[in-house]
2 protein chains.
Amino acid sequence: MAEMDGTYAYDKYAHEPFAVTADLAVLTILDGVLHVLLVERGQEPFKGHWALPGGFVQPDESAETAARRELAEETGLSDVSGLHLEQLRTYSEPGRDPRMRVVTVAFTALLPHPPPDSLRGDPHLASLEPHGGSDAAQARWVPYDKAGPLAFDHDRILADAQERVGAKLEYTCLATAFCPPEFTLGELQHVYEVVWGTALDRPNFRRKVLATPGFVAPVPGAARLTGGRGKPAALYRAGTATALHPPLLRPTPEGHPA
Amino acid sequence: MAEMDGTYAYDKYAHEPFAVTADLAVLTILDGVLHVLLVERGQEPFKGHWALPGGFVQPDESAETAARRELAEETGLSDVSGLHLEQLRTYSEPGRDPRMRVVTVAFTALLPHPPPDSLRGDPHLASLEPHGGSDAAQARWVPYDKAGPLAFDHDRILADAQERVGAKLEYTCLATAFCPPEFTLGELQHVYEVVWGTALDRPNFRRKVLATPGFVAPVPGAARLTGGRGKPAALYRAGTATALHPPLLRPTPEGHPA
DNA sequence: GCAAAAGTGTTTCGCTTACACCCATGG
DNA sequence: CCATGGGTGTAAGCGAAACACTTTTGC
């Protein structure tokens, strides 16, 4: 493909066009288990298969904006502006989509326990309008372990998302994104245990969190009963800090050999 | 944009087309200073400005493949298959490129000291063939501190790359990618010091590296004089490990308050 | 009173840090 | 013999892991 004249760079149709989509791995914790938001595809290809929600990036928006818009549309959440949304990576292998060349910018989003009027149980599809690329028949929270196999290369995207979130818990304050505005330290610890799949020592976890300035801020006087029984737990809000120094390393499955 | 018939999804020209490029932040250490590979743009927009190397992703290749191809073309390196190339993130804001809608998948690459026949001094442009999007007038290694301001949003991409590499040194064995096949521990330590901008304690660095299985492997009997003077240093190769447990945390500028 | 969950204290151990010291080489 | 860089040793101290223990609630 040799150089042409000065108008070369302006010929928008010189190449096979690329479509760009923003797909989302939306994670939450439901009944103590990590869940992911999936949609059932309503048309070919992969009709009837489950997939990550997402859709085409429109000409006037960034991939981030598109992801946030898709998330708002497909979950019916009213305030999607404040939640944590992070770019995961971009998947660009030819042949990902049998229809045409699709480059997908994948994002992860972390939700606290979904509100009662959310997707839980019967899908909340009233606000799920069809739009370019979004051909979902229904949307549902699915336990992470039972999520495969998904359409396209979404299994890989989902696995990458889980790995990324697990790693981010170690050195960021991200875990509070899984929690409601006010939460107990037990709930926060539960986030770590669910995502990492390991049990943590409660006293040490407490100390670590409280010793990190800006991780959590106490809500004076407030308390909540968590399991029906037991001592009411003090409530905290997410702090202002974003990094976690020193990091909260997940226990190594194998101790490093001496 | 309402749903159309079944052929809707197959209409490749229904939307404004997106162009997808792969841009590279190629870092190396030259004369003890972090350098980045830049090209001078040969045409508008930003003609005469410096920019990160990169170019359009072709229809039959992934962004990763395109990045590797661009790197091989623009640096003249023969064996580009083995070096570390990592996806940084994707930049998709509208208006990034005044010509058309361009989505850029950015990568970072780490090179050991470039070979003498490389770009150092006079640019090695013999193998720099023009191709779609690559309109470089010349290519050059530029000290990281003197790299701005660049064309498009490349200042931001470069800053993101530096931040990512610095963070990755903490918990991966990535530093060896900056080193030649055989290197001394002093050279490896120098990588950390240059990227982080801090001095490290040599004995402690040694212990840390050698205590991490798979980080480096000794080359039996080999030694090299580094500065002309001093004891010849033992040589090592990069090990097989990729992660660094426990991490090698960079010293915090401010000690966390008691 | 008992179970369950929150919260506190304490001991031990390992790693990091900081620094002193020896080795090998060129000028 | 001195400057320079490589390499070893070691004592102090911080922080994390492990676990015993107290507190507060519902049943």
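Residue numbers begin at 1 in each chain, while the letters A, B, ... track the order of the sequences.
- Note: A:Y236 and A:F183 fail the aromatic proximity criterion, with ring centroids not under 6.0 Å apart.
- At a threshold of 4.5 Å between non-hydrogen side-chain atoms, the residues B:V209 and B:L185 count as touching.
- For B:D160 and B:Y91, the side-chain atoms include at least one donor-acceptor pair closer than 3.5 Å.
- Protein atom CG of A:L210 is 13 Å distant from nucleotide atom P of D:dA16, rounded to whole Å.
- Put simply, the side chain of A:C173 does not reach to within 4.5 Å of the side chain of A:T242, judged on heavy atoms.
- Separating the CG atom of B:L249 from the P atom of C:dC15 is a distance of 14 Å, rounded to the nearest angstrom.
- Atom CG of A:L200 is separated from atom P of D:dA16 by 13 Å (rounded to the nearest Å).
- A distance-only check finds no donor-acceptor pair linking the side chain of B:D153 to the backbone of B:R156 [under 3.5 Å].
- Classification of A:K168 and A:E86 as a salt-bridged pair holds, one side-chain N sitting under 4.0 Å from a carboxylate O.
- A heavy-atom distance below 4.0 Å to DNA chain D is reached by none of the residues of residues 168-184 of chain B.
- As rounded to whole Å, 18 Å separates atom C1' of D:dG15 from atom CZ of A:R206.
- The side-chain heavy atoms of B:L38 and B:L150, taken from C-beta on, include a pair separated by under 4.5 Å.
- Atom NE2 in A:H190 sits about 11 Å away from atom P in C:dA6, given to the nearest Å.
- Atom CG in B:L188 sits roughly 12 Å away from atom P in D:dG7 (whole-Å rounding).
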Protein-to-nucleotide contact annotation, 5' to 3' order, nucleotides 19-27 of chain C [B base; S sugar-phosphate only; - none; under 4.0 Å, heavy atom] = BB--BBBS-
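- Look at NE2 on A:H245: it is 20 Å from P on D:dC14, rounded to the nearest Å.
- Without hydrogens or angle criteria, A:R89 side chain to A:V105 main chain gives no donor-acceptor distance under 3.5 Å.
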